[in-house]
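Notes for the one structure printed next.
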Amino acid sequence: MKKFIKPFLALEWITILGASSASYIKWDFPLAVCIGIVVLAAFLTLFFSKLYEMKEEDMQDGK
């Protein structure tokens, strides 16, 4: 299962960066909003990947 997580995260980051830059360039969103979206995505990615790792460790300890 872990081998599918990293490509998904890479695709997620490409999408987030592309959408943020497109919204800034095409639709004149404020730069602070676009940066805020990227920072929020970074925080959520780190948070949920840490949760996933902790859950995976708990499952391995139970074996």
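Given the structure is predicted, the values throughout are model-derived calculations rather than measurements. Only heavy atoms go into these numbers, but all of them, side chains included; no hydrogens, no water, no symmetry mates.
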Give every donor-acceptor pair under 3.5 Å between a side-chain atom in residues 29-43 and any protein atom, sequence neighbours left out.
none

>> Please report the interatomic distance CH2(W27) to CD1(I25), rounded to the nearest 0.5 Å.
In response: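 Those atoms lie 11.0 Å apart.
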Please table the atom pairs, donor to acceptor, closer than 3.5 Å between any side-chain atom in residues 8-18 and protein atoms at least two apart or in another chain.
residue, atom, partner, partner atom, Å
E12, OE2, T45, OG1, 3.4
T15, OG1, L11, O, 2.8

>> So which atom in S23 and which in S20 form the shortest heavy-atom distance, rounded to 0.1 Å?
In response: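 Shortest heavy-atom contact: OG-O, 2.8 Å.
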> With sequence neighbours left out, what residues match K50 under side-chain contact (heavy atoms from CB on, under 4.5 Å)?
Replying inline: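 K50 satisfies side-chain contact (heavy atoms from CB on, under 4.5 Å) with E53, M54 only.
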